[in-house]
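Note that the structure is a prediction, hence the values are computed from the model and not measured.
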Amino acid sequence: MKEVTKGQIAAGVEAYLREDVELSASRRRERSWDFCFNHFQEHSDPTKVMELSCLHLGYYLASWGMLRGSTFLFRQTNVMHYRRVVEVIATHNATMRGCDVDAYRDTRKRQALEDAWRDIRLALLPDGGNSRILISKVMMGVWGCLPSFDTYFVRGFRGLGETKTEKVAFNRVSPRVLDLLAGFYERHAEEIDSVRHLHTTWDMSSGRPTGRPLTRAKILDIYGFHTAFAS
């Protein structure tokens with residue numbers, strides 16, 4: 001992976017979040033992630049507040065473009081569809097909470113990621129279908145453990161690849177791409193860890209920062225997205 005100039009990650013995150021005084025930052029579409037993430041972090045058993053959990057997850061996915069007109073979720077489901085997904089989330093909470101980029105080289109964490117991915121996919125898309133972007137967005141929204149492997153994130157990090165193998169790796173979520181992301185984090189750990197504590201999540205009720213740090217995967221998600229979107 002190509003080297004990134006010191007300060008570039010912080011600048012990208014700052015530009016993406018656009019925390020200005022002209023429009024309340026808490027009302028921006030980008031903050032849909034914060035509210036979903038906060039909810040699932042504050043409820044170790046989200047099935048106990050099932051309706052609220054379904055609503056948070058469903059609105060976050062809609063806000064982040066996952067309920068477009070041709071999709072299965074848009075055409076064939078309503079909020080009740082997320083009940084099974086919330087049950088799966090509760091099942092995996094013990095192993096997935098706190099899972100982040102710094103643990104991607106750990107064999108047990110990789111297995112936990114794979115297991116959670118499989119079970120969420122089966123619950124959300126029981127008849128199959130394109131799942132890379134959708135499932136990664138769910139896992140980002142609930143645990144903050146994976147970047148959202150959407151078009152812009154993939155393009156941004158593919159551009160950092162130095163070889164064809166590294167570039168192609170970002171087409172799917174695999175052990176190879178987890179290694180690449182872990183290596184990127186390890187080379188820029190000081191900056192990433194500083195930025196994630198500087199830009200915390202926002203609270204839905206108060207419209208103010210919570211003090212809960214962004215995850216490392218969220219920082220990579222923002223940086224990859226902004227790099228591609230701004231180019």
Side-chain angles (χ1 to χ4, degrees), residues 29-47 49-68 70-101 103-104 109-154 170 172-174 177-178 181 201 204 212 214-222 224-225:
R29 183 186 65 82
E30 292 87 345
R31 293 299 177 183
S32 293
W33 175 82
D34 298 53
F35 304 147
C36 182
F37 181 70
N38 287 338
H39 171 79
F40 283 97
Q41 292 302 297
E42 290 163 6
H43 294 88
S44 58
D45 184 357
T47 64
V49 284
M50 179 63 83
E51 183 174 350
L52 188 57
S53 297
C54 291
L55 289 169
H56 267 292
L57 182 58
Y59 185 86
Y60 156 71
L61 292 176
S63 179
W64 281 49
M66 294 293 97
L67 270 69
R68 292 175 180 151
S70 61
T71 63
F72 165 74
L73 291 182
F74 178 78
R75 298 180 67 183
Q76 299 186 42
T77 73
N78 59 40
V79 72
M80 287 186 66
H81 180 69
Y82 299 103
R83 290 179 62 91
R84 178 57 188 146
V85 184
V86 171
E87 291 170 354
V88 167
I89 290 166
T91 300
H92 288 279
N93 257 345
T95 55
M96 290 305 303
R97 279 186 155 213
C99 181
D100 207 341
V101 183
Y104 282 178
K109 286 297 184 183
R110 285 195 182 187
Q111 188 61 55
L113 283 164
E114 182 179 331
D115 292 345
W117 181 288
R118 179 198 62 229
D119 292 346
I120 290 173
R121 178 179 58 80
L122 290 172
L124 202 53
L125 297 171
D127 298 325
N130 187 11
S131 62
R132 185 196 73 194
I133 297 175
L134 177 59
I135 307 308
S136 62
K137 283 189 184 290
V138 171
M139 294 179 72
M140 165 56 73
V142 172
W143 296 305
C145 60
L146 281 175
S148 302
F149 278 75
D150 58 18
T151 301
Y152 286 108
F153 170 81
V154 170
F170 284 93
R172 58 192 297 264
V173 180
S174 66
V177 84
L178 294 181
L181 292 175
T201 65
M204 183 174 177
R212 176 176 286 122
L214 303 186
T215 67
R216 297 170 181 89
K218 179 61 174 174
I219 298 299
L220 298 193
D221 181 74
I222 292 173
F225 180 93

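- Counting only heavy atoms from C-beta outward, the side chains of K218 and T201 never approach each other to under 4.5 Å.
- Residues M80 and C54 fail the side-chain proximity criterion, which asks for heavy atoms closer than 4.5 Å.
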Test L57 against V85 for side-chain contact (heavy atoms from CB on, under 4.5 Å), laying out the working first. CA-CA 9 Å; L57 182 58; V85 184; 3.8 Å; yes

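- In terms of heavy atoms, A217 sits closest to G144 at CB-O, 3.3 Å.
- Annotation for R110: atom CZ counts as buried by contact number, over 12 foreign heavy atoms lying within 6.0 Å.
- Between H56 and F40, the shortest heavy-atom distance links the atoms CB-CE1, 4.5 Å.
- For the residue pair W117 and I135, the shortest heavy atom distance occurs at CD2-CG2, 3.6 Å.
- Atom CG of residue D221 and atom CH2 of residue W33 lie 9.0 Å apart, to the nearest 0.5 angstrom.
- At a threshold of 4.5 Å between non-hydrogen side-chain atoms, the residues V79 and E51 do not count as touching.
- Other residues, nucleotides and ligands place no more than 12 heavy atoms under 6.0 Å from the CE atom of M204.
- Within 6.0 Å of atom CD in E42, more than 12 heavy atoms from other residues, nucleotides or ligands are found, so the atom counts as buried in its surroundings.
- Side-chain atoms of E87 never come within 3.5 Å of backbone atoms of Y82 as a donor-acceptor pair (strictly under, hydrogens ignored).
- The main-chain N or O of R121 is never found under 3.5 Å from a side-chain atom of S131 such that the two would form a donor-acceptor pair.
- Atoms CG and CZ, from L122 and R118 in turn, are 7.5 Å apart once rounded to the nearest 0.5 Å.
- Looking at T215 and F37, their side chains come closer than 4.5 Å, going by heavy atoms from C-beta outward.
- Taking 4.5 Å as the limit, every side-chain heavy atom of Y104 sits out of range of all side-chain heavy atoms of V177.
- Residues S44 and N93 come closest through the heavy atom pair O-ND2, 2.8 Å.
- Interatomic distance, I120 CD1 to M139 CE, rounded to the nearest 0.5 Å: 5.0 Å.
- Taking OG from S32 and CH2 from W64, the interatomic distance works out to 8.0 Å, rounded to the nearest 0.5 Å.
- Annotation for P46 and S53: closest pair O-OG, 2.8 Å, computed over non-hydrogen atoms.
- Side-chain atoms of I89 and W143, non-hydrogen and from C-beta on, do get closer than 4.5 Å to each other.
- No more than 12 heavy atoms of other residues, nucleotides or ligands lie within 6.0 Å of CZ in R172, so this atom counts as exposed by the packing criterion.
- Contact annotation: the side chain of F170 approaches that of L181 to within less than 4.5 Å [non-hydrogen atoms, C-beta and beyond].
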Using side-chain contact (heavy atoms from CB on, under 4.5 Å), reason through L52 and H39 one step at a time and then give a plain yes or no. CA-CA 9 Å; L52 188 57; H39 171 79; 3.7 Å; yes

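- Expressed to the nearest 0.5 Å, how far CG of D150 lies from NZ of K137 amounts to 4.0 Å.
- Looking at heavy atoms from C-beta onward, C145 lies in side-chain contact with M96 at the 4.5 angstrom threshold.
- Here CG of L124 is found 4.5 Å from CG of L134. Values are rounded to the nearest 0.5 Å.
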Applying side-chain contact (heavy atoms from CB on, under 4.5 Å) to L113 and V173, what does each step give before you reach the verdict? CA-CA 10 Å; L113 283 164; V173 180; over 6 Å; no

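- Between S148 and F153 the shortest heavy-atom distance is O-CB, 3.2 Å.
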